[in-house]
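One structure is given here, and the rest of the page talks about it.
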Amino acid sequence: MVSINSSVFNFPEIKRVLLLLEKKDRVKLFLVLVVNTFLAFLDLFGVALIGITSAILIRGLQGLTAGDQVSRFLELLNLDELPQRNILILLGTTAIFFFVLKTVLSVYFLRRTLRYMSIRNAQISSSLVSKMLNRPVEKIFNKSIQNQIYNVTGGVERLVGGAVTNLVVIASDVVLLLVIILGLMLVDPLTSVGTFFVFTGIAFLLYFLLHKRVSILNSKFAYESIYFNQKVSEGINSFRDLFIKGGREFYVNEIRKTKMKLAGYDAEIKFIPNISKYTIEISVILGIALIAGIQFYLFDSNRAIAVISVFLAASTRIAPAIIRLQQNIILVKSSLSAAQPTFELIDELNGIKELETTETLITTSHRDFAPRVNLKNLKFKYTDAINETIQDISLEISEGKFIAFVGPSGGGKSTLVDLVLGLLAPSSGSISISGLTPVDAIKKWPGSIGYVPQDVFIENSTVKENICLGFNPELVADDLIWQALEHADLSDFVRGLEGQLSYRISDSGKNLSGGQRQRLGIARALLTKPKIVIFDEATSALDAETENRVSESILKLTGECTVIFIAHRLSVVRSADMIYYIDKGRIVNQGTFDELRSINADFNNQANFMGI
Ligand SMILES: Nc1ncnc2c1ncn2[C@@H]1O[C@H](COP(=O)(O)OP(=O)(O)OP(=O)(O)O)[C@@H](O)[C@H]1O
Ligand SMILES: [Mg+2]
């Protein structure tokens with residue numbers, strides 16, 4: 001799983017990151033680089049002026065030799081006639097002005113760039129989420145929730161904030177260094193070239209020694225963090241089981257071990273950039289000492305001092321730039337490694353479009369929608385399954401009928417329903433609802449189909465928000481909610497809650513009973529007054545009396561509304577117009593309750609067991 005790109009610089013990945021940005025973003029990044037080049041020149045002017053000022057300070061105007069660089073500079077600006085004091089004040093203040101201007105502009109552009117990057121970060125995250133949710137249901141659940149959360153949050157942050165932002169800083173620092181080194185060449189070519197090679201040599205050596213370790217650490221850190229989050233959330237979700245088994249300690253130990261591993265990686269990841277920082281700091285000091293030694297040895301002390309002062313001024317700019325450069329290269333590398341899971345997601349989402357941004361408005365009219373369902377030679381196989389889960393099913397459900405799917409566990413009932421709802425795409429055959437494919441029908445008549453899944457999902461929000469799930473609750477009248485609650489036999493319960501519709505349901509409905517959660521699911525499905533309602537074991541947690549009330553209330557809907565019921569408790573489906581007995585992905589038998597009883601021994605046995 002942990003694949004590390006061990007090349008010195010992963011250009012293909014850098015290219016991929018840049019391609020994540022739109023063209024106009026890349027143009028903007030280029031402009032940032034141009035601005036930074038301009039700022040680098042401001043820096044250079046500042047350094048040069050400091051050099052000249054110190055040369056004059058040390059040697060005095062009289063000490064200058066006609067024709068040397070400093071004298072030529074003064075002549076050029078017509079300053080050679082001015083008194084020394086004025087020249088010094090003029091040059092010194094101009095240098096300070098350049099430095100201050102450069103810093104102020106840098107701060108301004110840095111703020112803008114960071115803000116811009118944060119916005120891009122948010123846009124890329126949202127776009128990935130949008131694409132993620134525009135896939136078939138099978139793909140949605142193929143990775144743990146924690147993995148998916150990391151991919152669209154931390155992972156994207158590492159790509160944009162870590163990789164792209166730092167690439168810009170790297171490019172700017174390279175420009176700054178080149179400009180300063182070029183400037184220094186005018187003062188002393190040999191020393192400049194020497195300085196350049198020594199520092200870049202050290203920086204690259206460090207990078208070469210450290211980059212692989214940094215990549216491995218970051219990639220491990222990313223996967224281990226996902227695992228850690230997964231364990232914490234599993235620990236909370238399985239609290240009951242763990243508590244009763246006495247298994248909480250084992251879980252906490254697992255979590256502790258993972259966190260300790262993470263701590264180890266984290267400490268090393270944080271320390272590594274310091275190795276280069278201190279090495280380069282020492283190199284700068286030694287480098288200046290070396291330059292000083294060579295200058296004093298080869299030239300007279302006046303010239304040596306002038307050159308050293310220019311290099312000192314330059315090194316206040318060069319050293320931080322080299323340290324930043326080196327650290328940022330490592331950061332880019334580590335960000336790319338930590339974003340590995342996000343790259344995997346991006347690959348998976350390749351070619352998938354984003355969902356449209358217009359939100360669906362609630363409607364209960366569903367004009368022209370005909371609640372008819374047609375399945376023709378339907379086949380379906382899960383990607384990782386050996387055999388087809390649905391093997392050649394054809395059936396026709398006409399308007400206003402009450403239909404039931406029954407059969408043994410694992411027979412394919414829920415899968416069939418997922419296909420009818422367009423949550424899964426058939427391997428072959430066709431499905432039509434009101435003459436369209438399920439996806440198109442849902443798009444054309446949102447809310448015309450209601451569905452209560454086997455496990456009802458409960459949002460961490462109010463009763464109203466839970467029932468409105470997917471619609472803006474502010475646009476839904478309370479009346480409509482109460483009607484749905486009434487149908488689901490839940491209105492009395494909600495009336496007794498503090499705040500009623502605004503009562504807050506805790507995480508995944510922990511403060512509701514199993515049956516209340518199911519009825520909330522039913523109310524949610526009935527909110528839009530759908531014309532087709534599909535119940536997948538939606539009443540299994542209810543007592544017989546409540547189940548009876550709920551199913552009677554639902555069956556009152558038939559006539560205008562087509563009801564498809566999956567049930568193990570056969571009492572509910574007794575009055576169905578047609579019951580399909582599904583086993584191993586096929587319709588084994590079909591008929592009314594009594595017909596099925598006479599032709600299917602298993603069905604008959606089950607009915608007998610239940611005393612029907
Ligand atoms: N995401 C999946 N990937 C692979 N196989 C799956 C997946 N979901 C279900 N299956 C398999 O498909 C088969 C049919 O499952 P399905 O959930 O449709 O059965 P069911 O008839 O609804 O059973 P139950 O009555 O227990 O709810 C089972 O063997 C199941 O293991
Ligand atoms: Mg099922």
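Residue indices begin at 1 and follow the sequence shown. Counting convention: from 1, in listed order, for ligands and their atoms alike.
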Do any N or O atoms from the side chain of Glu254 and from the backbone of Tyr251 form a donor-acceptor pair under 3.5 angstrom?
no
Is it the case that the ring center of Tyr223 lies less than 6.0 angstrom away from the ring center of Phe221?
no
Which is it for Glu537 and ligand 1 at heavy atoms under 4.0 Å: side chain, backbone, both or neither?
neither
Could you check Tyr580, Tyr451, Phe535 and say which one makes a ring pair (Phe, Tyr, Trp, His ring centres under 6.0 Å) with Phe565?
Phe535
Nearest-contact summary for atom 28 (C) of ligand 1 - protein heavy atom, Å
Gly410 O, 3.8 Å
Can you tell me which residue and heavy atom of the protein come closest to atom 1 (N) of ligand 1, and the distance to 0.1 Å?
Tyr382 CE2, 3.6 Å
Any protein heavy atom under 4.0 Å from atom 31 (O) of ligand 1?
no
Heavy atom under 4.0 Å from ligand 1: found in Thr389's side chain, backbone, both, or neither?
side chain
Test side chain to side chain contact (heavy atoms under 4.5 Å, CB included), reference Val129, set Val156, Asn151, Thr153, Val152, output is Val152
Among Leu485, Leu480, Thr462, Val494, find the one that has a side chain to side chain contact (heavy atoms under 4.5 Å, CB included) with Ile467.
Leu485
Could Arg586 and Asp392 be called an ion pair, given the rule that one side-chain N must be under 4.0 Å from one carboxylate O?
no
min-distance protein heavy atom vs atom 26 (O) of ligand 1 -> Ser409 OG, 2.6 Å
One should read off an interatomic distance between Ser434 OG and Lys444 NZ, to the nearest 0.5 angstrom, of 7.0 Å
Pair Arg135 + Glu348, salt bridge at N-O below 4.0 Å:
yes
The Mg ion (ligand 2) to Ser414: any N/O/S contact under 2.8 Å?
yes
Does ligand 1 have a heavy atom under 4.0 Å from the side chain of Asp384, from its backbone, from both, or from neither?
side chain
Less than 6.0 Å separating the ring centroids of Phe603 and Phe593?
yes
Please list the nearest protein heavy atom to atom 17 (O) of ligand 1 with its residue and the distance rounded to 0.1 Å.
Ser414 CB, 3.6 Å
Gly411 to ligand 1: N or O pair under 3.5 Å?
yes
Specify the protein heavy atom at minimum distance from atom 18 (O) of ligand 1: its residue, its atom name, and the distance to 0.1 Å.
Thr415 OG1, 2.5 Å
Could you list which atoms of ligand 1 come closer than 4.0 Å to a heavy atom of His568?
25 (O)
Relative to the heavy atoms of Gly412, which atoms of ligand 1 are at a distance of less than 4.0 Å?
14 (C), 18 (O), 19 (O), 20 (P), 21 (O)
Per-atom contact, atom 7 (C) of ligand 1, protein heavy atoms, under 4.0 angstrom:
yes
cation_pi(Arg495, Trp482) dist<6.0 Å, angle<=45
yes
If you measure from the Lys or Arg side-chain nitrogens to the Asp or Glu carboxylate oxygens, is any gap between Glu354 and Lys131 under 4.0 Å?
no
Give the contacting part of Ala385 toward ligand 1: side chain, backbone, both or neither, where contact means a heavy-atom distance below 4.0 Å.
neither
Can you report which non-hydrogen protein atom sits closest to atom 27 (O) of ligand 1, along with the distance?
Gln454 NE2, 2.8 Å
Counting backbone and side chain alike, does Thr415 bring an N/O/S atom below 2.8 Å of the Mg ion (ligand 2)?
no
